Amino acid sequence: MEKNPLFTIGHGNRKPEAFLALLKEFEIEYLIDVRSQPYSRFNPQFNQDDLKFFLEESGIRYIFMGDSLGGRPHDLTCYTEGKVDYEIVKTRDFFLEGIERLKTAYKKNLNVVIMCSESDPCECHRSKLIGRVLDHDNIGLQHIDEKGKVKNQIRVINELNKGRSEIDLFGNPINTTSRKAYT
């Protein structure tokens, strides 16, 4: 039996009905929220309690994992010059435990979507952190983009790096920090 990929999605400015339609299109059973802060000032319909109720009313289970897989960890040692350093995050026990939970979902062939707020996967830690780690472990990851189209991890990273290699001339990985500084 072929494994179901793990999906990712960003809620962005989508209307709840359009968001739900995408989840139904991909037969999602579990939504894993990887926002460090599970609320939205601009889209309150995606605040944790409202989203959980809305999804569960539609037969989709809501799971919060922003504490382990969020893009803004509480561990201040994960920041370099104010930006989240994904190379550091990848080594932390809290993150590795979260990845193990995703691997378990994959092994069980569950229909899972990993959700954050950023609708463009090139702009989100879903691809730059979580996706790279899962890809390294040969776990299929499909990103539902801002237009509702699916892109695999390789395509997203190629777009992010504008077709360049993932490493620089000195063998160091590129694009491994958050876009913004937080500290």
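In what follows, residues are counted from 1 in the order of the sequence shown. If you're wondering where the values come from, they're calculated on a predicted model, not measured in any experiment.
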TODO: For residues Cys78 and Ile88, report the shortest heavy-atom separation together with the two atoms involved.
DONE: CA-CG2, 3.8 Å

Task: Arg126 and Thr8: side chain donor to acceptor below 3.5 Å - done: yes

TODO: Count the heavy atoms belonging to other residues, nucleotides or ligands that lie under 6.0 Å from NZ of Lys52, then report whether that count exceeds 12.
DONE: no

Open item on the list: If I compare all heavy atoms of Leu141 with all of Gly131, which pair ends up nearest, and what's the gap?
Closed with: CD2-CA, 3.2 Å

Open item on the list: Would you say CG of Asn47 has more than 12 non-hydrogen atoms from neighbouring residues, nucleotides or ligands within 6.0 angstrom?
Closed with: yes

Open item on the list: Side chains of Pro121 and Glu146, heavy atoms from C-beta outward: is any pair under 4.5 Å?
Closed with: yes

Open item on the list: Give me the atom names and distance for the closest heavy-atom approach of Gly70 to His125.
Closed with: C-NE2, 3.5 Å

Task: Atom pair CG (Leu51) and CD (Gln45), whose distance is rounded to the nearest 0.5 Å - done: 9.5 Å

- [ ] Look at the side chain of Lys3 and the backbone N and O of Lys107, then say whether any donor-acceptor pair between them is shorter than 3.5 Å.
- [x] yes

Open item on the list: Let me confirm one number: the NZ-CD distance from Lys151 to Gln142, rounded to the nearest 0.5 Å.
Closed with: 12.0 Å

TODO: Check for a donor-acceptor pair, side chain of Glu29 on one end and backbone N or O of Asn111 on the other, with a separation under 3.5 Å.
DONE: yes

TODO: Calculate, to the nearest 0.5 Å, the distance between atoms CZ and OH belonging to Arg72 and Tyr79 respectively.
DONE: 6.5 Å

Open item on the list: Would you say that Leu129 contacts Phe95 through its side chain, given a criterion of any heavy-atom pair below 4.5 Å between the two side chains?
Closed with: yes

Task: Enclosure of Ile154 CD1 (heavy-atom neighbours >12, cutoff 6.0 Å) - done: no

Task: Hphob cluster co-occupancy, Val84 + Ile99, side-chain heavy atoms under 4.5 angstrom - done: yes

- [ ] Supply the atom-to-atom distance Asp120 CG to His143 NE2, rounded to the nearest 0.5 angstrom.
- [x] 10.5 Å

- [ ] Identify the residue among Asp137, Leu69, Val34 that makes a side-chain contact (heavy atoms from CB on, under 4.5 Å) with Leu102.
- [x] Leu69

Task: Value rounded to 0.5 Å, distance of CD1 in Ile130 from CD1 in Ile139 - done: 12.0 Å

Open item on the list: Show the nearest heavy-atom pair for residues Ser68 and Gly98, with the distance to one decimal.
Closed with: OG-CA, 3.7 Å

Task: Student check: side-chain heavy atoms of Leu23 and Leu55 closer than 4.5 Å - done: yes

- [ ] Would you mind checking if Asp33 and Arg35 are paired as a salt bridge, meaning a charged N to carboxylate O distance below 4.0 Å?
- [x] yes

Open item on the list: I'd like to know if Glu159 and Arg155 make a salt bridge, using a cut-off of under 4.0 Å between side-chain N and carboxylate O.
Closed with: yes

Task: Cluster overlap Met65 with Tyr62, hydrophobic side-chain contacts below 4.5 Å - done: no

Open item on the list: Tell me whether Arg92 at atom CZ has more than 12 heavy atoms from other residues, nucleotides or ligands lying less than 6.0 Å away.
Closed with: yes

- [ ] State whether the number of non-hydrogen atoms from other residues, nucleotides or ligands found under 6.0 Å of Lys24 atom NZ is greater than 12.
- [x] yes

Open item on the list: Please confirm whether the ring centroid of Phe46 lies under 6.0 Å from the ring centroid of Phe19.
Closed with: yes

Open item on the list: Membership question, hydrophobic clusters at under 4.5 Å side-chain separation (ILVMFWY): are Tyr30 and Phe54 in the same one?
Closed with: no

TODO: Apply side chain to side chain contact (heavy atoms under 4.5 Å, CB included) to Lys103 and Glu100, showing your working.
DONE: CA-CA 5 Å; Lys103 288 180 183 179; Glu100 285 305 314; 3.3 Å; yes

Open item on the list: If hydrophobic clusters are built by linking Ile, Leu, Val, Met, Phe, Trp and Tyr wherever their side-chain heavy atoms come under 4.5 Å apart, do Ile60 and Val112 end up in the same one?
Closed with: no

TODO: Quick one: pull up CD1 in Ile32 and CD1 in Ile114 and give me the separation to the nearest 0.5 Å.
DONE: 6.0 Å

Open item on the list: side chain to side chain contact (heavy atoms under 4.5 Å, CB included), that's the test. Do Ile9 and Arg14 meet it? Break it down for me.
Closed with: CA-CA 11 Å; Ile9 194 168; Arg14 290 184 170 103; 3.7 Å; yes

TODO: Could you give me the CA-CA distance, side-chain angles and deciding distance for Gln48 and Phe64, then say whether side chain to side chain contact (heavy atoms under 4.5 Å, CB included) is met?
DONE: CA-CA 8 Å; Gln48 186 176 30; Phe64 177 73; 3.5 Å; yes

Open item on the list: Give me the atom names and distance for the closest heavy-atom approach of Cys122 to Val156.
Closed with: SG-O, 3.6 Å

Open item on the list: Strictly distance-based, threshold 3.5 Å: is any side-chain N or O of Ser36 a donor or acceptor partner for the main-chain N or O of Gly71?
Closed with: yes

Open item on the list: Quick check against the 3.5 Å criterion: does Asn13 have a side-chain atom that pairs as donor or acceptor with the backbone of Asn43?
Closed with: no

Open item on the list: For residues Leu20 and Val113: do they belong to one hydrophobic cluster (side chain heavy atoms under 4.5 Å, members Ile, Leu, Val, Met, Phe, Trp, Tyr)?
Closed with: yes

- [ ] Please lay out, stage by stage, how Ile63 and Arg101 fare under the test side chain to side chain contact (heavy atoms under 4.5 Å, CB included).
- [x] CA-CA 11 Å; Ile63 300 152; Arg101 288 181 68 191; 3.7 Å; yes

Open item on the list: Quick check: closest heavy atoms across Ser127 and Gln153, and the distance to 0.1 Å?
Closed with: O-NE2, 2.9 Å

- [ ] Look at the aromatic rings of Phe7 and Phe26 and report parallel, tilted or perpendicular, splitting at 30° and 60°.
- [x] tilted

